[in-house]
Amino acid sequence: MLPFSVTILGSSSALPTLTRFPTSQVVNLNEKYYLVDCGEGAQIQLRKFGFKLSKISHIFISHLHGDHIFGLPGLISSMTLAGKKGELHIYAPSELKMMMDPLLKFMNESDADLSIIYHPLNFRKRALIYEDARLTIDSFPLKHRIPCCGFLFKEKPHELNLRVDQIKFYSVPVKDRVAIKGGANFVLPDGRVIPNADLTFPAEPVRAYAFCSDTLPRKQILPIIEGVDLLYHEATFCDDLKELALKTFHSTAKQAAEIATQARVKRLIIGHFSSRYKNEDPLVNEASALFSNTLAANEGCRFDL
Ligand SMILES: [Zn+2]
Ligand SMILES: [Zn+2]
């Protein structure tokens, strides 16, 4: 299977701390990088954890709170200083362009060879926002103080695996093998049809990752994130502060675990911790009590799917 991972660059909530950067992470599918949110200092973390800025061409911004976007001007400035050319695609609320355009103009970055293409997010319903040969990315609405989207990264179905013994036995020509990997039957020269199931083993399972931050716990997302291999769900507070979580449109660790349980995901990582917590133990303990396969999204952690 191709390497598919998520690396946490930052997992603090509104206030950065001495040990935590604000939200940002890299989804890496076979050395193709997708940056999710870009909190202050994201470019430092990218360098620290070995991601070349030149390889980032797709950035996904959940919402326009500062702890998710203040890293963008610095990152783009460094990209242009380093001579990055071509296109940089940013999937974000449409107002981001209104903020970035004058800023980049003021910084004299707008004349650079890097062309920034903005793709506005849809906050009313789930939408396919990106697709390539291996992956689709959907956005879906969350429930926060301002419009906010989560993202679902899902591999495209893999090809079936050929059964070498059967391929040899029926002398299947090379030119027919691509179609068989795609599910086709094989017709012998005498007209007999060999069913695909006799010629192939099942394909590798499709893997999926869902990013949900910032948000109240939201039942409407359950069918979208159902059964994902890895769920990142914000857990800003412990449940004793659930009133504060409700008031600020955030989730508690217990609520994140409830979402993970109800969506039957395989693994949960929690983050976006309030700076009031000196370490993540109370949050992870609270979530683990309900959903045992929970880990903290600490800086530098890489989660393989
Ligand atoms: Zn936030
Ligand atoms: Zn927010």
S.K.: Heavy-atom distance under 4.5 Å between the side chains of Gln45 and Thr7, does that happen here?
M.R.: no
S.K.: Do Val6 and Val36 have side chains that get closer than 4.5 Å, going by heavy atoms?
M.R.: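 Answer no - side chains too far apart.
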S.K.: Return the minimal non-hydrogen interatomic distance between Ala42 and Leu9, and the atom names on each side.
M.R.: O-CD1, 4.2 Å
S.K.: Does the side chain of Met107 reach to within under 4.5 Å of the side chain of Leu103, using non-hydrogen atoms?
M.R.: yes
S.K.: With the threshold set at 4.0 Å, does a side-chain nitrogen-carboxylate oxygen contact exist between Lys254 and Glu286?
M.R.: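 Judged by the 4.0 Å cut-off on N to carboxylate O distance, Lys254 and Glu286 do not form a salt bridge.
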S.K.: Report the C-alpha distance between Tyr130 and Tyr34 in whole Å, list the side-chain angles of each, state the deciding distance to 0.1 Å, and finish with yes or no for ring pair (Phe, Tyr, Trp, His ring centres under 6.0 Å).
M.R.: CA-CA 11 Å; Tyr130 173 88; Tyr34 308 88; 5.5 Å; yes
S.K.: Under 3.5 Å, which donor-acceptor pairs link side chains of residues 140-154 to any protein atom two or more places apart or in another chain?
M.R.:
residue: His144; atom: ND1; partner: Phe249; partner atom: O; Å: 2.9
residue: His144; atom: NE2; partner: His63; partner atom: NE2; Å: 3.4
residue: His144; atom: NE2; partner: His65; partner atom: ND1; Å: 3.1
residue: His144; atom: NE2; partner: Asp214; partner atom: OD2; Å: 3.4
residue: Arg145; atom: NH1; partner: Thr248; partner atom: O; Å: 2.8

S.K.: What's the verdict on side chain to side chain contact (heavy atoms under 4.5 Å, CB included) for Glu299 and Thr19, showing C-alpha distance, side-chain angles and the deciding distance?
M.R.: CA-CA 9 Å; Glu299 267 81 358; Thr19 53; over 6 Å; no
S.K.: Name all pairs fulfilling the side chain to side chain donor-acceptor pair (under 3.5 Å) condition that reach into residues 235-245, sequence neighbours left out, sorted by first residue then second.
M.R.: Glu234-Thr236, Thr236-His250, Thr236-His272, Asp239-Thr252
S.K.: If you round to the nearest 0.5 Å, how far is CG of Asp101 from CG of Leu96?
M.R.: 9.0 Å
S.K.: Does some side-chain heavy atom of Gln166 sit less than 4.5 Å from a side-chain heavy atom of Ile194?
M.R.: no
S.K.: Run the salt bridge (charged side-chain N to carboxylate O under 4.0 Å, His left out) test on Arg207 and Asp229 for me, step by step, so that the C-alpha distance in whole Å, both residues' side-chain angles and the decisive distance to 0.1 Å come before the verdict.
M.R.: CA-CA 6 Å; Arg207 295 166 291 174; Asp229 300 83; over 6 Å; no
S.K.: Taking the side chain as every heavy atom from C-beta outward, state whether Ile59 and Leu75 have any pair of such atoms under 4.5 Å apart.
M.R.: yes
S.K.: Yes or no on salt bridge (charged side-chain N to carboxylate O under 4.0 Å, His left out) for Arg264 and Glu226, after CA distance, side-chain angles and deciding distance?
M.R.: CA-CA 6 Å; Arg264 292 189 283 273; Glu226 169 94 40; 3.1 Å; yes
S.K.: Side-chain heavy atoms under 4.5 angstrom apart, residues restricted to Ile, Leu, Val, Met, Phe, Trp, Tyr: same cluster for Leu104 and Leu35?
M.R.: yes
S.K.: Taking atom OG of Ser57 and atom CD1 of Ile90, what is their separation to the nearest 0.5 Å?
M.R.: 11.0 Å
S.K.: Calculate, to the nearest 0.5 Å, the distance between atoms CZ and CG belonging to Arg276 and Leu244 respectively.
M.R.: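 Arg276 atom CZ to Leu244 atom CG measures 5.5 Å (nearest 0.5 Å).
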S.K.: Measure the spacing between NZ of Lys266 and CG of Leu268 and express it to the nearest 0.5 Å.
M.R.: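 One gets 14.0 Å once the value is rounded to the nearest 0.5 Å.
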S.K.: Would a 4.5 Å heavy-atom cut-off, applied to side chains only, mark Ser13 and Phe237 as touching?
M.R.: no
S.K.: Which atoms form the tightest heavy-atom contact between Asp37 and Phe211, and what is the distance?
M.R.: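 Distance-wise, the nearest heavy atoms are OD2-CZ, 3.4 Å.
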S.K.: Please tabulate, for the side chains in residues 176-188, all donor-acceptor contacts under 3.5 angstrom to protein atoms that are two or more places apart in sequence or on a different chain.
M.R.:
residue: Arg177; atom: NE; partner: Val172; partner atom: O; Å: 3.2
residue: Arg177; atom: NH2; partner: Val172; partner atom: O; Å: 2.9
residue: Asn185; atom: OD1; partner: Asn196; partner atom: N; Å: 2.8

S.K.: Mind listing the closest non-hydrogen atom pair of Ala208 and Val228 along with its distance?
M.R.: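 Reported closest heavy-atom pair: O-CB, 3.7 Å.
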S.K.: Once you round to the nearest 0.5 Å, how far does CE of Met79 lie from CD1 of Ile56?
M.R.: 5.0 Å
S.K.: Would you say Leu216 and Leu246 make side-chain contact, with heavy atoms under 4.5 Å?
M.R.: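 They are in contact (side-chain heavy atoms under 4.5 Å apart), so the answer is yes.
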S.K.: Are Leu222 and Ile259 side-chain neighbours, meaning at least one heavy-atom pair lies under 4.5 Å?
M.R.: yes
S.K.: Just checking Lys55: does its NZ atom have more than 12 heavy atoms from other residues, nucleotides or ligands closer to it than 6.0 angstrom?
M.R.: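 Yes, because the 6.0 Å sphere around NZ of Lys55 holds more than 12 heavy atoms from other groups.
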S.K.: Quick one: does any side-chain atom of Ser288 pair with a main-chain N or O of Val284 as donor and acceptor, under 3.5 Å?
M.R.: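 At least one qualifying donor-acceptor pair exists.
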S.K.: Assess whether side chain to side chain contact (heavy atoms under 4.5 Å, CB included) is satisfied between Lys156 and Glu131, documenting all intermediate values.
M.R.: CA-CA 9 Å; Lys156 286 190 169 170; Glu131 183 171 17; 3.0 Å; yes
S.K.: Report whether Ile224 and Leu305 are members of the same hydrophobic cluster (ILVMFWY, side-chain heavy atoms less than 4.5 Å apart, transitive linking).
M.R.: no
S.K.: For side chain to side chain contact (heavy atoms under 4.5 Å, CB included), just list the numbers for His58 and Ile137, CA-CA rounded to whole Å, side-chain angles, deciding distance to a tenth of an Å, and then say yes or no.
M.R.: CA-CA 11 Å; His58 298 276; Ile137 304 173; over 6 Å; no
S.K.: Same hydrophobic cluster for Tyr118 and Leu64, using side-chain heavy-atom links shorter than 4.5 Å among ILVMFWY?
M.R.: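 Both belong to a single hydrophobic cluster.
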S.K.: Does CZ belonging to Phe303 count more than 12 external heavy atoms closer than 6.0 Å?
M.R.: yes
S.K.: So if you build clusters from Ile, Leu, Val, Met, Phe, Trp, Tyr with side-chain heavy-atom gaps below 4.5 Å, do Ile225 and Leu230 land together?
M.R.: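 No, separate clusters.
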S.K.: Closest heavy-atom contact between Asp113 and Lys85?
M.R.: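 In terms of heavy atoms, the two residues are closest at OD2-CE, 3.6 Å.
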S.K.: What heavy-atom pair brings Leu29 and Arg134 nearest, and what distance separates the two atoms?
M.R.: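 Distance-wise, the nearest heavy atoms are CD2-CB, 3.9 Å.
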S.K.: Are the side chain of Gln43 and the backbone of Gly74 linked by a donor-acceptor contact shorter than 3.5 Å?
M.R.: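 Yes, the answer is positive, given that a donor and an acceptor are paired below the 3.5 Å cut-off.
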S.K.: Report whether Leu162 and Tyr170 are members of the same hydrophobic cluster (ILVMFWY, side-chain heavy atoms less than 4.5 Å apart, transitive linking).
M.R.: yes
S.K.: Give me the atom names and distance for the closest heavy-atom approach of Lys52 to Tyr33.
M.R.: N-CE1, 4.1 Å
S.K.: Report the C-alpha distance between Met100 and Ile76 in whole Å, list the side-chain angles of each, state the deciding distance to 0.1 Å, and finish with yes or no for side chain to side chain contact (heavy atoms under 4.5 Å, CB included).
M.R.: CA-CA 10 Å; Met100 294 298 292; Ile76 292 170; 3.5 Å; yes
S.K.: I need the Ser11 OG to Phe21 CZ distance, nearest 0.5 Å.
M.R.: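 It comes to 11.0 Å.
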